[in-house]
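Here is the naming used below: chain letters follow the sequence lines, and residue numbers restart at 1 for every chain.
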Amino acid sequence: WRKFDEILEIWQRLKKNDRKPDLFTYSSLIQGFCKSGNVEGALALYKDMVESEVSPDVVVYNALLDGVCRASKMKECFELWDLMRNNGKHNVVSFNIMIRGLFENQKVEEAISMWDDFFDKNGTADSITYGVVIHGLCQTGYLNKALRVLKEAEDRKEKLDICSYSSMINGLCRDGRLDEAISILDMMSSHGCQPNSHACNILLNGLILASKIDDAIRFFNGMLTKNCSPN
RNA sequence: GGCUGACUUGC
């Protein structure tokens with residue numbers, strides 16, 4: 001809160017001295033407001049920036065989009081999204097934020113269709129897109145669809161990273177599909193992603209909670225010989 | 001110089 005007052009003071013001094021905040025000033029402040037939960041403040045800054053004829057770029061829009069999603073302001077979210085599409089101010093990060101936001105706000109159908117659209121239109125998914133989609137699908141019970149997304153990405157040799165795999169493993173464990181979880185973990189390094197201790201711990205925990213103690217011990221012994229040593 | 005994803009266990 002002290003920092004917040006300091007920022008306000010600096011801001012007022014900036015404005016009083018006729019120093020124009022530039023794109024990056026606005027961008028940093030908007031992000032800061034969003035991250036501290038003050039989306040209204042961020043939107044006010046956005047308005048101020050437009051009035052001052054500093055044109056918001058895709059990073060500013062993305063920060064706002066993420067802010068409204070986290071604040072569950074879905075009406076504002078869709079409005080902003082339309083604006084971004086109409087102005088061509090969106091990129092893969094925008095899609096990642098949107099898909100995550102839709103899943104987080106129980107708009108599962110919308111999240112899935114946004115992903116399908118993106119995918120069909122040859123939007124280039126990055127490893128974060130896969131992480132968001134797989135995590136979202138697992139959290140909402142669409143395990144098989146998540147598995148399909150993962151396998152298809154593997155087949156196309158697309159970038160899947162540790163977050164996609166650990167989400168998938170976590171989802172399978174929580175659904176009691178432990179054998180599949182084990183096989184995903186066993187196979188991931190052959191697809192270019194080394195398991196880390198976080199991923200191994202998720203699986204170990206799943207095995208133990210399911211009382212599969214023998215499997216847990218076998219897996220633990222196997223860890224010692226793989227790249228993921230226990231922490 | 002500014003934007004997005006896994007959260008196991010313990011604390």
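- Nucleotides C11(B) and C7(B) are separated by 15 Å at their C1' atoms, to the nearest Å.
- Side-chain proximity of Ile128(A) to G2(B), C3(B), G5(B): nearest is G5(B).
- Looking at Asp116(A) and Lys145(A), a side-chain N of the basic residue comes within less than 4.0 Å of a carboxylate O on the acidic one, giving a salt bridge.
- Among the atoms of the strands shown, none is found under 4.0 Å from any heavy atom of Thr129(A).
- Rounded to a whole Å, the CE atom of Met188(A) is 16 Å from the P atom of A6(B).
- Distances from the side chain of Asp22(A) to the nucleotides C3(B), G1(B), U8(B) place G1(B) closest.
- Contact annotation for Gln139(A): backbone-only contact, meaning every heavy-atom pair under 4.0 Å involves sugar-phosphate atoms and none involves a base.
- Whole-Å rounding puts the Asn170(A) CG to G5(B) P distance at 17 Å.
- When the shell of 6.0 Å around CZ of Phe219(A) is examined, it contains more than 12 heavy atoms from other residues, nucleotides or ligands.
- Below 30°, between 30° and 60°, or above 60°: for Tyr130(A) and Trp115(A) the angle between ring planes is above 60°, a perpendicular geometry.
- We find that CZ of Phe95(A) is positioned 18 Å from P of G5(B), with the value rounded to whole Å.
- Below the 3.5 angstrom threshold, one finds a donor paired with an acceptor across the side chain of Ser166(A) and the base of A6(B).
- The side chain of Val93(A) has C3(B) as its nearest neighbour among G5(B), C3(B), G2(B).
- Nucleic acid contact class of Val60(A) (heavy atoms, under 4.0 Å, all strands): base.
- For the pair Asn205(A) CG and C7(B) P, the computed distance is 13 Å after rounding to whole Å.
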* Worked verdict on Val92(A) versus Thr129(A) for side-chain contact (heavy atoms from CB on, under 4.5 Å) -> CA-CA 8 Å; Val92(A) 63; Thr129(A) 318; 3.6 Å; yes
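- Contact check on Arg218(A) versus Asp215(A) returns a salt bridge, with a Lys/Arg side-chain nitrogen under 4.0 Å from an Asp/Glu carboxylate oxygen.
- At the heavy-atom level, Ser27(A) lies under 4.0 Å from base atoms of the strands shown.
- Here Asn231(A) lies out of heavy-atom contact (under 4.0 Å) with every strand.
- One atom, CG of Asn201(A), and another, C1' of C11(B), lie 15 Å apart when rounded to the nearest Å.
- When rounded to the nearest whole Å, the span between CZ of Arg70(A) and C1' of G5(B) equals 9 Å.
- Between C3(B) and Arg100(A), no contact under 4.0 Å exists linking OP1 or OP2 to a side-chain N or O.
- Listed nucleotides A6(B), C3(B), U4(B) differ in distance to Asn62(A); the shortest reach to its side chain belongs to C3(B).
- Across all strands, Lys35(A) comes closer than 4.0 Å only to sugar-phosphate atoms, never to a base (heavy-atom distances).
- Proximity note for Val59(A) (side chain, C-beta onward) versus A6(B), C3(B), G1(B): the nearest is C3(B).
- What separates CG of Leu64(A) from C1' of U4(B) is a distance of 14 Å, to the nearest Å.
- Heavy-atom neighbours of Lys159(A) NZ from other residues, nucleotides or ligands within 6.0 Å: at or below the threshold of 12.
- Side-chain atoms of Asp66(A) lie closest to U4(B) of the nucleotides G5(B), U4(B), G2(B).
- Of all nucleotides listed (U8(B), G2(B), G5(B)), G2(B) comes nearest to the side chain of Leu23(A).
- The His198(A) side chain lies nearest to A6(B) when the options are G1(B), A6(B), C3(B).
- Across the protein-nucleic acid pair, Phe118(A) atom CZ and U4(B) atom P stand 17 Å apart, rounded to whole Å.
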* Asked: Where do Tyr46(A) and Tyr61(A) land on the ring pair (Phe, Tyr, Trp, His ring centres under 6.0 Å) test, with the steps shown first?
  -> CA-CA 9 Å; Tyr46(A) 166 73; Tyr61(A) 281 111; 5.7 Å; yes
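- Set against G2(B), G5(B), U4(B), the side chain of Gln31(A) has G2(B) as its closest nucleotide.
- Counting non-hydrogen atoms under 4.0 angstrom, Asp126(A) reaches nothing in the nucleic acid.
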